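Owing to the predicted nature of the structure, the values given are computational and were not obtained by experimental measurement.
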Amino acid sequence: MREKLKTVFTNTFDLPSEVTLELPRITMIGSIHAYIENHQGLVVFSESELLLKVHQGLVRIKGENFVLKMMIDKDILLEGTIQDVRFEDE
């Protein structure tokens with residue numbers, strides 16, 4: 001019921017869904033940068049994998065030579081060779 005109310009509220013007032021529905025926003029520049037907003041915590045980070053908790057599960061990013069260029073509040077800037085981005089259930 002609560003999720004349905006959020007969706008109606010978002011559509012009625014023309015608000016960005018990533019804000020009201022607590023969805024992550026992932027902006028990629030080619031396959032070398034990923035800017036992830038609105039995550040709920042870093043679970044795993046290595047040279048080849050980034051795993052983030054999000055409102056409705058997890059986001060897993062796989063690749064090579066990963067470096068966290070920035071990590072503030074709920075935003076992360078990942079640099080490296082990105083090969084795969086997946087949304088997973090917890």
Side-chain angles (χ1 to χ4, degrees):
M1 178 69 174
R2 184 176 178 178
E3 292 299 318
K4 191 170 189 159
L5 183 61
K6 282 183 181 181
T7 303
V8 170
F9 183 77
T10 298
N11 292 337
T12 302
F13 294 103
D14 199 27
L15 298 171
S17 59
E18 68 270 9
V19 174
T20 56
L21 300 177
E22 300 177 62
L23 300 174
R25 174 186 280 196
I26 301 172
T27 306
M28 292 186 59
I29 300 171
S31 63
I32 60 169
H33 288 290
Y35 183 64
I36 303 106
E37 301 172 82
N38 205 21
H39 70 87
Q40 296 180 341
L42 180 64
V43 178
V44 171
F45 175 75
S46 71
E47 186 179 293
S48 61
E49 181 179 35
L50 175 74
L51 183 63
L52 296 170
K53 182 169 177 21
V54 294
H55 179 65
Q56 295 178 338
L58 301 165
V59 172
R60 183 181 307 271
I61 302 175
K62 290 188 176 185
E64 300 174 340
N65 304 317
F66 284 171
V67 176
L68 286 181
K69 289 301 230 180
M70 178 195 69
M71 184 172 169
I72 54 173
D73 196 25
K74 295 182 176 187
D75 300 348
I76 287 181
L77 177 58
L78 177 69
E79 184 178 274
T81 304
I82 299 166
Q83 298 167 337
D84 188 43
V85 178
R86 293 181 189 257
F87 292 88
E88 302 175 355
D89 294 328
E90 258 187 300

Connected to Met28, directly or through other members, by ILVMFWY side-chain contacts below 4.5 Å are Ile26, Ile36, Leu42, Phe45, Leu50, Leu52, Val54, Val59, Ile61, Phe66, Leu68, Met71, Ile76, Leu78, Ile82, Val85, Phe87

Residue set satisfying salt bridge (charged side-chain N to carboxylate O under 4.0 Å, His left out) with Glu64, at least two apart, ordered chain then number -> none

Sorted by chain and number, sequence neighbours left out, salt bridge (charged side-chain N to carboxylate O under 4.0 Å, His left out) with Lys74 holds for none

By salt bridge (charged side-chain N to carboxylate O under 4.0 Å, His left out), Asp84 pairs with (sequence neighbours left out) Arg86

Query - Side chain proximity check, Glu79 to Ile32, heavy atoms < 4.5 angstrom - result: no

For residues 34-50, the salt bridge (Lys or Arg N to Asp or Glu O under 4.0 Å) pairs (sequence neighbours left out) are Glu49-Arg60

**Prompt:** Transitively linked via ILVMFWY side-chain contacts under 4.5 Å: Val44 with Leu58?
**Reply:** yes

Applying salt bridge (charged side-chain N to carboxylate O under 4.0 Å, His left out) to Lys53 and not counting sequence neighbours gives Glu90

So CG of Leu77 and CE of Met70: to nearest 0.5 Å the spacing works out to 5.5 Å

With the side chain counted from C-beta on, respond yes when Leu23 and Arg25 share a heavy-atom pair under 4.5 Å apart, and no when they do not. no

